[in-house]
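Below is one structure, written out as structure tokens, with a few remarks after it.
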There are 2 protein chains.
Amino acid sequence: MSIEEMVLDPYQAGCPTRRILDRIGDRWTVLVVGALGPGPARFSALLRHVEGISQKMLTQTLRALERDGLLTRRAYPEVPVRVEYQLTDAGRSLLAPLKALETWSIDHFTQVHHAQTMFDRRDS
Amino acid sequence: MSIEEMVLDPYQAGCPTRRILDRIGDRWTVLVVGALGPGPARFSALLRHVEGISQKMLTQTLRALERDGLLTRRAYPEVPVRVEYQLTDAGRSLLAPLKALETWSIDHFTQVHHAQTMFDRRDS
DNA sequence: CAGAATCCACCTGGATACTG
DNA sequence: CAGTATCCAGGTGGATTCTG
């Protein structure tokens with residue numbers, strides 16, 4: 001194994017990074033966690049504010065995050081039912097890295113968009 | 001619009017964050033960028049070291065990243081052909097946020113795995 | 001070696017209807 | 001309100017084959 005290969009190896013399947021990225025790498029997880037950043041929220045609130053997510057996907061995503069210990073689900077036996085989701089400490093600790101990504105997105109959005117335009121113009 | 005709604009709104013579709021996340025949120029982009037972090041690499045090297053990626057997906061991912069201006073493609077007219085991919089400044093600037101995510105992954109992997117085990121045991 | 005092209009199985013995820 | 005259950009279209013992406 002070359003030195004180059006050793007440097008690249010952190011991205012082999014099965015390593016922690018890879019497994020976490022596979023989990024949060026779906027379309028919705030990051031958005032749901034982000035939406036819960038400010039504080040607890042109800043199912044319907046999340047459904048409204050993570051635009052484009054379906055009820056099915058929200059349920060699945062919340063379930064997965066609960067399973068990962070990143071949020072807690074609390075149901076209040078009222079009528080009608082109220083269910084609140086809240087990030088755990090672990091879930092909240094994910095906010096900083098995601099915020100970094102968000103900051104990068106905002107900082108580079110214009111630049112990326114411009115690059116795309118140039119690229120598309122070239123090979124047309 | 002309530003204050004809660006205003007806080008949640010950054011995640012509406014079409015906003016910079018959302019659009020970037022949609023782009024890098026696929027299974028491979030993050031891994032390919034990460035693999036290019038240490039320096040330029042050839043197509044075949046990436047194919048070997050981003051485990052599980054197919055030739056088709058690697059091609060697609062590299063093309064998209066090139067379009068975004070996050071990496072450059074340089075072909076050397078040798079026999080056999082040699083093609084090297086290298087992150088641009090913009091691409092490299094993405095490494096820090098991704099590194100933060102990677103650090104988080106490593107730090108929380110055990111904890112997440114444990115939470116999953118508990119969760120699965122409970123409702124079995 | 002670095003792709004392009006084709007085929008197609010699988011799975012994601014939306015729509016809909018129903019329930020406690 | 002907060003889900004569950006079912007159906008199914010569309011797209012993702014792997015496998016394979018072929019080329020400069």
Side-chain angles (χ1 to χ4, degrees), chain A residues 2 4-5 8 11-13 18 21-32 35-36 40-67 71-86 119 122-124, chain B residues 2 4-5 8 11-13 18 21-32 35-36 40-67 71-86 119 122-124:
Chain A
S2 70
E4 181 198 15
E5 285 173 343
L8 290 170
Y11 297 96
Q12 296 295 320
R18 180 60 179 280
L21 287 177
D22 279 353
R23 272 286 302 106
I24 70 174
D26 70 281
R27 195 177 161 78
W28 302 116
T29 298
V30 168
L31 299 171
V32 170
L36 283 171
R42 310 181 52 163
F43 186 87
S44 53
L46 293 170
L47 196 55
R48 271 178 288 122
H49 294 292
V50 180
E51 190 180 298
I53 196 170
S54 65
Q55 171 265 350
K56 177 182 175 181
M57 281 301 101
L58 179 56
T59 301
Q60 270 188 28
T61 304
L62 289 170
R63 215 57 90 224
L65 286 169
E66 186 188 5
R67 178 170 180 265
L71 59 75
T72 57
R73 192 192 105 111
R74 185 164 304 180
Y76 298 87
E78 306 170 350
V79 180
V81 187
R82 178 165 56 103
V83 178
E84 283 200 341
Y85 293 91
Q86 180 171 206
F119 188 91
R122 196 192 55 178
D123 58 16
S124 65
Chain B
S2 71
E4 180 201 15
E5 285 174 342
L8 289 169
Y11 296 99
Q12 295 297 321
R18 181 60 180 278
L21 286 177
D22 280 354
R23 271 285 303 110
I24 71 174
D26 70 283
R27 193 179 163 77
W28 302 115
T29 298
V30 169
L31 298 171
V32 169
L36 283 171
R42 310 181 50 163
F43 186 87
S44 54
L46 293 171
L47 196 55
R48 271 179 287 121
H49 295 292
V50 179
E51 190 180 300
I53 196 171
S54 65
Q55 171 264 338
K56 178 181 174 181
M57 280 303 100
L58 180 55
T59 300
Q60 269 188 30
T61 304
L62 288 170
R63 215 57 91 223
L65 286 169
E66 186 189 3
R67 177 170 180 266
L71 59 76
T72 57
R73 191 192 106 111
R74 184 165 304 179
Y76 298 87
E78 307 170 350
V79 182
V81 187
R82 179 165 56 102
V83 177
E84 283 200 342
Y85 293 90
Q86 182 170 203
F119 188 90
R122 194 192 56 179
D123 59 14
S124 65

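Chain letters run A, B, ... following the sequence lines, proteins first and then strands; every chain starts at 1.
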Position toward the 5' end of DNA chain C (nearest nucleotide), Arg63(B) or Ile53(A): Arg63(B)

Sugar-phosphate only, base, or nothing, as touched by Gln55(B) at under 4.0 Å among non-hydrogen atoms: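 Base contact - Gln55(B) has a heavy atom under 4.0 Å of at least one base atom.
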
Touch class at under 4.0 angstrom, heavy-atom based, for Val81(B) against every strand present: base

Are [X] and [N] close enough that a side-chain N or O sits under 4.0 Å from OP1 or OP2?
X	N	result
Arg42(B)	dC1(C)	no
Ser44(B)	dA2(C)	yes
Tyr85(B)	dC1(C)	no

Length of the line joining [X]:[atom1] and [N]:[atom2], which is rounded to integer Å:
X	N	atom1	atom2	answer
Met57(B)	dA15(D)	CE	C1'	12 Å
Arg82(B)	dG3(C)	CZ	P	13 Å
Lys56(B)	dT6(C)	NZ	C1'	9 Å
Glu78(B)	dC1(C)	CD	P	13 Å
Leu47(B)	dT16(D)	CG	P	15 Å
Glu66(B)	dG3(C)	CD	C1'	13 Å
Gln60(B)	dG3(C)	CD	C1'	13 Å
Phe43(B)	dA2(C)	CZ	C1'	6 Å

Verdict with supporting geometry, Tyr85(B) and Leu36(B), side-chain contact (heavy atoms from CB on, under 4.5 Å): CA-CA 8 Å; Tyr85(B) 293 90; Leu36(B) 283 171; 4.3 Å; yes

Comparing Thr59(A) and Ser54(B) on DNA chain D - which has the more 5′ nearest nucleotide: Thr59(A)

Where Val83(A) and Arg73(A) come nearest, the two heavy atoms and their spacing: CG1-CG, 3.7 Å

Trp28(A) and its side-chain contact (heavy atoms from CB on, under 4.5 Å) partner, picked from Leu62(A), Thr61(A), Leu65(A): Thr61(A)

Option passing side-chain contact (heavy atoms from CB on, under 4.5 Å) with Leu58(B) (candidates Leu31(B), Val50(B), Val32(B)): Val32(B)

Interatomic distance, Gln60(B) atom CD to Gln55(B) atom CD [nearest 0.5 angstrom]: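 With rounding to 0.5 Å, CD (Gln60(B)) is 10.0 Å from CD (Gln55(B)).
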
